[in-house]
There are 2 protein chains.
Amino acid sequence: MARPARIPCEEVLRSMKTVFRENGYDGASMADLAAKTGLAKAALYHHFPGGKEDMAAAVLDEISGWMKEHVLGPLSVPGVPREKLRRLSEALNEFYDGGQSSCLIGAFSIGEAMTLFQGRLGAAVRGLMAAIAKVLIEAEIPERVALSRAEDAVIRIQGALVVARALRDTRPFTRLLRRLPDDLLSALPDAVSDR
Amino acid sequence: MARPARIPCEEVLRSMKTVFRENGYDGASMADLAAKTGLAKAALYHHFPGGKEDMAAAVLDEISGWMKEHVLGPLSVPGVPREKLRRLSEALNEFYDGGQSSCLIGAFSIGEAMTLFQGRLGAAVRGLMAAIAKVLIEAEIPERVALSRAEDAVIRIQGALVVARALRDTRPFTRLLRRLPDDLLSALPDAVSDR
DNA sequence: GTCTATAATAGGATAGAC
DNA sequence: GTCTATCCTATTATAGAC
């Protein structure tokens, strides 16, 4: 056995994730992180010697793991496409807290964080797009259309989160998630759209 | 005549807009703003006594004016809907520099800026949505569908900017703009989508 | 591993000369 | 209107005791 699963560490990561989601990278201060985690700043540096950058990286990795387990994994497993997409909407609704929590892909794609984490951000977007496209291809949708729709889905998810926050109204996001499975699997028009 | 149009001020606003778009609100420092505008910090405070908050507000107001003139105005004027939507795409392409520049609605919807400017952000989103919906209604699209599609368009615009930055590839954004007019005016399916 | 205390620096803001 | 110089606070980061 490699390591005794450190339970408190998960709690610390959860708190840090909240701080970064609410404040972005530049807006999150060590004081914020210390307050939210309940640890002193020095204790945080003990666990994350690289400071804020290390903490943000750890949060992104933790999210990546959660996504692989709860989102990408279930999409890759054999199953009814529509049902899998319905569960995707549910998982996203949970992850983004019904549209109330921001996405770090958006929050970290400006300022210093953009240069620091561009690799992780791009990988996250590409991973989700690929997983959705795979389900659509499984549903007999031509690859080209599947890739286009998958990209559009990720675009809409990100955009709905922005719009929901700007309007202080989560309904644009929840509406989107409700329509997402049908939209992704809808019949092909006439090759007019989906170019 | 009220005032001799101050030309240099526009230049200063342009520079500040760039700084906020690249760094967000928390990530933009007075030093950044001074360097980019070529003015000393004290000179900036002379024009914007409220400091960074004043500067960001001025930038948002300037953008709001540009949008009204180059985006919302042309949409409200009599004309062929498809043609007006095509010009909308062109204006957005110009404003967001082909997808390379971020949108302050997204950048300012986290952290301190979110609470400071929530009114302006919501108004900007609602204004664009309403202008697009009006064109669709003009094109004989039922109001309910028009409102839904207009919301979706704004969502996609915001999302495509996020995705383009995360991927460091502007094509998702340019592709979106190209399809936007057709997508907005496409024939109604079966009342399956657009609920 | 966690704390208090503190160093070092960056950031926001102002004073006062020109 | 613009500058240099300065103040004060917040922020990052570390030292050293427990």
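Reminder, nothing fancy here: chain letters follow the sequence lines and each chain counts from 1.
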A.B. asks: B/M55 has an atom CE; how far is it from atom P of C/dA13, in whole Å?
C.D. replies: 8 Å

A.B. asks: May I have the distance from A/L44 (atom CG) to D/dT12 (atom P), rounded to whole angstrom?
C.D. replies: 11 Å

A.B. asks: How about B/R165 and B/S101: does a side-chain donor come under 3.5 Å of a side-chain acceptor?
C.D. replies: no

A.B. asks: May I ask you to check if B/R21 and B/F95 form a cation-pi contact, with NZ or CZ under 6.0 angstrom from the six-membered ring centre and within 45° of the axis?
C.D. replies: yes

A.B. asks: What is the distance from CG of A/D26 to P of D/dA10, rounded to the nearest Å?
C.D. replies: 19 Å

A.B. asks: What is the distance, rounded to the nearest whole Å, between atom CG of A/L39 and atom C1' of D/dT14?
C.D. replies: 17 Å

A.B. asks: Toward the 5' end of DNA chain D, which comes first, A/A42 or A/S29, by nearest nucleotide?
C.D. replies: A/S29

A.B. asks: Rounded to whole angstrom units, what separation is found between the CD atom of B/E53 and the C1' atom of C/dG12?
C.D. replies: 13 Å

A.B. asks: Please report the interatomic distance CG(A/L161) to CD(B/Q158), rounded to the nearest 0.5 Å.
C.D. replies: 11.5 Å

A.B. asks: Across the strands shown, which category fits A/G50 at heavy-atom distances under 4.0 angstrom: base, sugar-phosphate, nothing?
C.D. replies: nothing

A.B. asks: For A/M30 and C/dT2, give me the distance from atom CE to atom C1', rounded to whole Å.
C.D. replies: 14 Å

A.B. asks: Is the distance from OP1 or OP2 of C/dG12 to the nearest side-chain N or O of B/K41 less than 4.0 Å?
C.D. replies: no

A.B. asks: Please work out if A/A28 contacts a base, only the sugar-phosphate, or nothing of the nucleic acid, heavy-atom cut-off 4.0 Å.
C.D. replies: sugar-phosphate

A.B. asks: Could you tell me the separation between the CG atom of A/L116 and the C1' atom of D/dT12, rounded to a whole number of Å?
C.D. replies: 15 Å

A.B. asks: Does C/dC3 have OP1 or OP2 sitting under 4.0 Å from an N or O in the side chain of A/H46?
C.D. replies: no

A.B. asks: Mind telling me whether B/Y25 and B/F20 have parallel, tilted or perpendicular rings, with 30° and 60° as the class edges?
C.D. replies: parallel

A.B. asks: Taking atom C1' of C/dG11 as reference, at what distance in whole Å does atom CG of B/L33 sit?
C.D. replies: 12 Å

A.B. asks: Is it the case that one hydrophobic cluster holds both A/V80 and A/L85, taking links as side-chain heavy atoms less than 4.5 Å apart, direct or via other members?
C.D. replies: no

A.B. asks: Would you say D/dT14 has OP1 or OP2 under 4.0 Å from some side-chain N or O of A/Y45?
C.D. replies: no

A.B. asks: When all nucleic acid strands are considered with a 4.0 Å heavy-atom cut-off, which category describes B/G38: base, sugar-phosphate, or nothing?
C.D. replies: sugar-phosphate

